[in-house]
Amino acid sequence: MARRLRLFKEQMTKAGVSPSMWSTRDDHFDLEHLEVKLEELEAELLEINANNEKLQHTYNELLEYKLVLEKVGELFSSAKNKAVAHQKELEFQTTVEGSIDSPLLLEQEETTTKQIKLGFIGGLVHREKSIPFERIIFRAARGNLFLKQGVIEHPVLDPLSGEMVHKNVFVVFYSGERVKSKILKICDAFGANRYAFSNDSSKQFQTIREVSGRISELKATIDAALIHRSTLLQTIGYHHGQWRLLIHKVLQRATMDCSSQVVAIFQVLETTESPPTYFCTNKFTSSFQEIVDAYGIAKYQEANPGVYTVVTFPFLFAVMFGDWGHGICLLLAALYLMIRERKFASQKLGDIMEMAFGGRYIIMMMALFSIYTGDASTTGFIKVRSTYPFGVDPKCHGTRSELPFLNSLKMKMSILLGVSQMNLGIIMSYFNAKYFKNNINIWYQFVPQIIFLNSLFGYLSLLIIIKWSTGSQADLYHLMIYTFLSPTDDLGENQLFVGQKLLQLVLLLLAVVAVPWMLLPKPFLLKKQHQERHQGQSYDLLCGTDDTLESESQSIAHDHDEFDFSEVFVHQLIHTIEFVLGAVSNTASSLRFLAHSELSSVFYDKVLLLAWGYNNTIVLIIGIFVFICATVGVLLLMESPSAFLHALRLHWVEYQNKFYEGDGYKFFPFSFTLLTDEDEL
Amino acid sequence: MGFSVTTLVFAVIGIVASLSTRICFNRGPSANLFHLTLVLTATTCCWMMWAIVYLAQMKPLIVPILSEGE
């Protein structure tokens with residue numbers, strides 16, 4: 001239909017008809033009727049064009065015919081007049097000479113008889129070809145013919161090419177058929193048009209009248225046809241704009257429908273495999289999500305660890321880095337990156353700078369938490385009368401009891417924070433299992449894990465708190481060791497509260513029971529589930545035996561659900577061992593929290609204060625310079641990444657390891673550009 | 001008594017921060033839940049940090065030496 005509209009536009013342009021500027025409001029036009037109407041109009045227009053061409057061709061031929069007749073008539077009249085004059089002259093001589101010339105008259109009559117038998121051909125030839133035409137005819141007939149040409153003053157419309165051409169009228173007199181055939185071929189070669197006419201003057205006039213009449217009729221017919229064509233094109237132009245708009249609308253709708261089909265196909269694909277995962281992030285949360293994704297991409301609809309990572313990751317870093325002065329340095333660096341955000345985003349950065357810029361919000365969060373934890377754990381002296389309200393008593397700094405106290409504090413803090421983090425991870429696994437309606441994972445994964453972890457290490461955390469609260473001097477290490485080695489012996493001086501022995505026995509028993517609880521039920525229950533599904537498929541097979549396609553489909557499904565009990569059992573065994581040993585090693589790895597502040601104290605005391613003690617300006621300047629270099633070079637650029645990596649490991653192992661499967665894959669939208677790149681690769 | 005009072009202070013700060021975030025950055029139910037989670041997690045972490053240090057100093061096991069001269 002668009003092609004037909006283009007054809008109509010072309011025809012209108014030729015005819016000088018312009019499309020209508022305003023379109024009608026025919027809303028009841030529908031597409032099928034439009035197509036039929038366009039088809040009819042196209043056929044009509046093509047027919048009119050063909051008829052016009054034929055009429056024009058015939059008209060041009062008749063015009064030439066008329067010209068030929070007129071010129072040939074003139075030639076014949078002239079020849080006749082000459083002949084008459086010649087004859088009279090001969091008669092006059094005969095009369096004068098008397099009876100002596102009688103034989104001559106008879107001879108002349110014989111000549112006339114021969115002349116009647118000559119043939120002749122008349123037509124039109126191009127003027128620029130007339131001279132070669134004449135020469136070739138003479139040579140072909142060996143001079144045994146008579147040729148006469150006449151010039152036509154006005155250009156003639158050529159029937160074949162439709163162009164105005166200068167032409168000559170020619171008449172050829174010849175004798176014999178062989179000469180005639182030669183002349184005909186030469187006329188064809190030169191593109192000369194031939195027309196039949198009679199040598200009788202009266203017939204010539206009659207033919208001229210007939211041709212003139214036909215010419216007049218054709219002229220009238222051609223004019224009428226042109227008027228009709230013009231009317232048709234105007235009618236088309238009247239509706240052209242509206243039709244074009246309608247077709248474009250339909251094309252757009254079809255395009256959208258095609259897109260919809262693509263979406264439908266995509267939905268069909270969804271049933272064959274697990275869908276990709278997509279988490280919506282902004283510039284603040286995207287870097288934290290990257291930390292999680294580095295461990296693994298979440299399975300479809302799995303709980304996202306990235307949510308808690310936004311807070312817990314910087315906090316763990318701060319617990320290790322824990323220095324308000326250096327925290328301020330980090331904060332200034334992060335603020336600089338954030339203020340220059342727009343400039344750096346559009347600029348090509350180096351590898352290290354690119355990484356720092358990408359993580360500028362992580363750096364900011366780490367800095368803020370570092371300042372807080374630095375305040376919260378500032379060293380100080382412990383007053384005898386009352387507890388220091390916030391942070392460590394500053395009077396503790398510099399005394400001999402500082403180091404033992406701080407080390408003890410940080411080890412216990414590490415255990416408390418580590419156990420809390422692991423519990424958070426296990427609780428997340430509960431929400432995952434609840435969401436996926438996986439009761440096996442709730443009762444035979446989540447519950448025994450909680451019991452095991454808190455029977456041992458949760459109890460240790462409780463003992464730490466009780467010891468702090470009561471001021472007991474119990475040795476927790478010996479206490480934990482003897483709980484396993486000799487649970488029934490008397491606690492002695494390590495007893496913290498009444499009934500502790502009995503409680504420890506119960507907790508130990510719970511921990512022992514929790515391990516097989518994790519290990520054994522799940523594989524057997526999975527096997528049972530598989531058998532139930534298998535029996536169901538067997539029933540289906542029996543019902544659908546007649547249908548071979550359905551049988552094949554069932555067999556394919558059966559292959560997909562192949563169950564290997566030993567593999568499942570081994571997998572569960574590895575998982576259980578990993579959890580039990582992981583609980584122990586993860587608690588120990590929490591001691592990474594101890595790292596940072598010792599270095600800071602060393603540099604402060606050994607470099608700056610030492611330089612100050614000399615009371616020398618030069619030495620003081622050198623001391624300050626060394627201190628600044630040590631601060632920036634060691635504590636900020638080396639210690640920060642170290643604390644970062646430790647926090648990363650703790651976060652991955654202690655937190656995500658407890659619940660996160662991370663066996664999905666990330667969502668990428670479809671793009672032809674990517675296809676091209678892949679093809680090139 | 002000091003422990004309880006300061007814990008209450010942390011709780012109040014947490015509630016105020018949650019309400020402030022809700023009022024200032026109201027972006028729809030999903031984002032609001034996310035913001036609430038972040039605020040509560042941060043408050044809990046800060047409280048734990050303070051509480052651990054405070055508890056450790058309530059009844060010191062190692063008797064401090066006030067001066068090296070003694």
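Fair warning: this is a prediction, and the values are worked out from it, not measured in the lab. Quick note on labels: first sequence line is chain A, next is B, and so on, each numbered from 1.
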- Task: Step through the shown structure and confirm whether more than 12 heavy atoms of other residues, nucleotides or ligands are within 6.0 Å of OH on A:Tyr459.
- Result: yes

- Task: Could you tell me which non-hydrogen atom of A:Phe315 sits nearest to which non-hydrogen atom of B:Cys45, and how far apart they are?
- Result: CZ-O, 3.3 Å

- Task: May I have the step-by-step check of side-chain contact (heavy atoms from CB on, under 4.5 Å) for B:Met48 and A:Leu416, ending in yes or no?
- Result: CA-CA 9 Å; B:Met48 284 179 63; A:Leu416 289 171; 5.6 Å; no

- Message: Does atom OH (A:Tyr295) have a neighbourhood of more than 12 heavy atoms from anything else shown, all under 6.0 Å?
- Response: yes

Please tabulate, for side-chain N and O atoms in residues 34-43 of chain B, each donor-acceptor pair with protein atoms closer than 3.5 Å (sequence neighbours left out).
residue	atom	partner	partner atom	Å
B:His35	ND1	B:Ala31	O	3.4
B:Thr37	OG1	B:Leu33	O	2.8
B:Thr41	OG1	B:Thr37	O	2.6
B:Thr43	OG1	B:Val39	O	2.8

- Query: To the nearest 0.5 Å, how far apart are OG in A:Ser420 and CD1 in B:Ile52?
  - Reply: 7.0 Å

- Message: I'd like to verify something: which residue of A:Val310, A:Val307, A:Thr285 has the highest number of heavy-atom pairs under 4.5 Å with chain B?
- Response: A:Val307

- So with a 6.0 Å cut-off around CZ of A:Phe284, is the heavy-atom count from everything else above 12? yes

